[in-house]
Amino acid sequence: MQIVKHINELQAILDNKRQEGLSIGFVPTMGALHAGHLSLVEKAGQQSGFVVASIFVNPTQFNDKGDLERYPRDLQKDVDLLEPTSCQLIFAPEADEIYPEPDTRQFNFGNLEQVMEGKFRPGHFNGVAQVVSRLFEIVQPDKAFFGLKDFQQLAIINEMVRKLELPVEIVPCPIVRETDGLAMSSRNMLLSKEQRLNAVLISATLFEATNKTGELNVEELTYWVINRINENEYLNTEYFEIVNSMTLQPIKSWNDPCLKVGCIAVQCGKIRLIDNVKIDN
Ligand code: AMP
């Protein structure tokens, strides 16, 4: 496995791989890797001839400076985790390699970015679009792999690819969870022991909610989830919304003919956790 920090070196390697007839699979990450990231790499390995993972904590997508400063970084540990996988190259650039000058591009994702993460993290998706479009321009992957854990991010990236007509296939990958159900996240390692124990209530409540569509309407279920989580002294719900999986707009009734997803963000002390679950009715 090669570790590359510079664009010219990366592109020379990838040009060779393409000439050998290999397709390029790409997994963008911010490091602090866990089994969720590795599942994306695994899938990339099944569907591509050569797998590149990037590790780059993108400053432009952090609306909260404290969150950026706290974000865990350990390149050597990430390298050790990727070594036995199908990842063949790690691209770990410094910020000035990605942004030789400040990125002033403004993306417009309309209603997709007005809700949930977009509402509570102003500028976040603009930063995500900046870095992902820049990484796509550098790597020029045939396929790129993203986790459904960041459900709204996936919708934004699909929209960006569609709007910019980028020649890349976006492959969604299922959420990987800890054995107790908590969605894996790089931020989980920042939780104290007590916070970690209580955080399981987030996924447990989402799972329980999926069985309640017969007895509660959309509004009642929304309140039920928020109240149940907020009763816990360690947790504070920022939002919970049951949305149309395509438009991300809140649904009003179980009769809405669309795939429905319950999306949540919860503050656990200073740590912000997100999760989502498909809601069948
Ligand atoms: P991040 O390093 O948090 O920016 O995440 C990099 C990629 O890994 C994104 O596509 C995430 O959606 C994905 N990812 C993060 N956590 C999980 C998880 N628990 N299950 C599946 N994919 C994940």
Side-chain angles (χ1 to χ4, degrees), residues 25-47 51-64 67-68 70-75 77-79 81-82 85-87 90-93 95 98 116-117 121 124-125 127-136 139 141 143-161 168-191 196 199-200 202-203 206-207 245 261 263-266 271-278:
F26 180 43
V27 181
T29 82
M30 297 203 298
L33 302 180
H34 50 65
H37 297 112
L38 301 185
S39 75
L40 272 53
V41 171
E42 176 81 27
K43 201 166 202 168
Q46 290 161 1
Q47 299 190 20
V51 177
V52 179
S54 64
I55 295 179
F56 178 61
V57 182
N58 171 39
T60 74
Q61 72 187 68
F62 284 82
N63 56 316
D64 172 355
D67 189 23
L68 173 61
R70 271 191 302 274
Y71 204 84
R73 295 165 174 87
D74 189 343
L75 182 60
K77 195 169 161 211
D78 292 340
V79 170
L81 282 169
L82 286 171
T85 72
S86 42
C87 177
I90 298 177
F91 179 48
I98 299 296
M116 301 192 289
E117 293 299 284
R121 301 185 70 187
H124 169 64
F125 286 126
V128 168
Q130 286 174 342
V131 76
V132 174
S133 60
R134 181 79 180 110
L135 288 168
F136 282 180
V139 177
K143 295 188 180 191
F145 299 78
F146 289 88
L148 282 157
K149 152 103 181 340
D150 298 274
F151 193 81
Q152 190 172 8
Q153 170 173 282
L154 193 52
I156 293 274
I157 286 165
N158 277 321
E159 179 65 4
M160 180 187 82
V161 165
V168 55
E169 182 186 335
I170 303 300
V171 183
C173 305
I175 302 177
V176 176
R177 298 181 178 280
E178 302 287 352
T179 43
D180 65 359
L182 179 69
M184 285 194 184
S185 162
S186 304
R187 290 183 174 87
N188 290 355
M189 66 175 76
L190 302 173
L191 299 171
R196 171 64 189 84
V200 68
I202 303 167
S203 53
L206 292 185
F207 298 152
S245 70
V261 184
C263 298
I264 195 162
V266 175
I271 311 306
R272 192 171 176 281
L273 302 172
I274 62 170
D275 199 352
N276 66 81
V277 72
K278 201 167 115 204

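Whatever order the structure lists ligands and atoms in, that order sets their numbers, starting from 1.
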What protein heavy atom lies closest to [atom]? Include the residue and the distance to one decimal.
atom	result
atom 3 (O) of ligand 1	Y71 OH, 3.8 Å
atom 4 (O) of ligand 1	M30 CG, 3.6 Å
atom 20 (N) of ligand 1	V176 N, 2.8 Å

Point-to-point distance, once rounded to the nearest 0.5 Å, from NZ of K149 to CG of L154: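 Answer for the NZ-CG pair, K149 versus L154, is 12.5 Å.
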Close-contact set for ligand 1 against [X] heavy atoms, below 4.0 Å:
X	answer
M184	16 (N), 17 (C), 18 (C), 19 (N)
T29	2 (O), 6 (C)
L40	7 (C), 8 (O), 10 (O), 13 (C), 22 (N)
I175	20 (N), 21 (C)
F146	10 (O)

Any H34 heavy atom less than 4.0 Å to ligand 1: yes
Within-shell test, A32 vs ligand 1, heavy atom, strictly < 4.0 Å: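 No heavy atom of A32 comes that close to ligand 1.
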Proximity of L148 to ligand 1 by residue part, where a heavy atom lies under 4.0 Å: neither
Proximity of H37 to ligand 1 by residue part, where a heavy atom lies under 4.0 Å: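 Answer for H37: side chain.
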Heavy-atom closest contact ([X] atom, [Y] atom, distance):
X	Y	value
R177	A183	NH1-N, 3.7 Å
L33	L81	O-CD1, 3.5 Å
L191	A199	CD1-CB, 4.2 Å
F91	I98	CE2-CD1, 4.1 Å
A129	M160	O-SD, 3.6 Å
P141	F26	CB-CB, 3.5 Å

Closest candidate by heavy atom, reference atom 6 (C) of ligand 1, pool P28, S54, C173: P28
Heavy-atom nearest neighbour of atom 21 (C) of ligand 1 within options S185, A183, P172, P174: P174
Heteroatom distance test (G147, ligand 1): nitrogen or oxygen, under 3.5 angstrom: yes
N or O contact, D150 vs ligand 1, cut-off under 3.5 Å: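 Yes; the residue has a nitrogen or oxygen that sits under 3.5 Å from a nitrogen or oxygen of the ligand.
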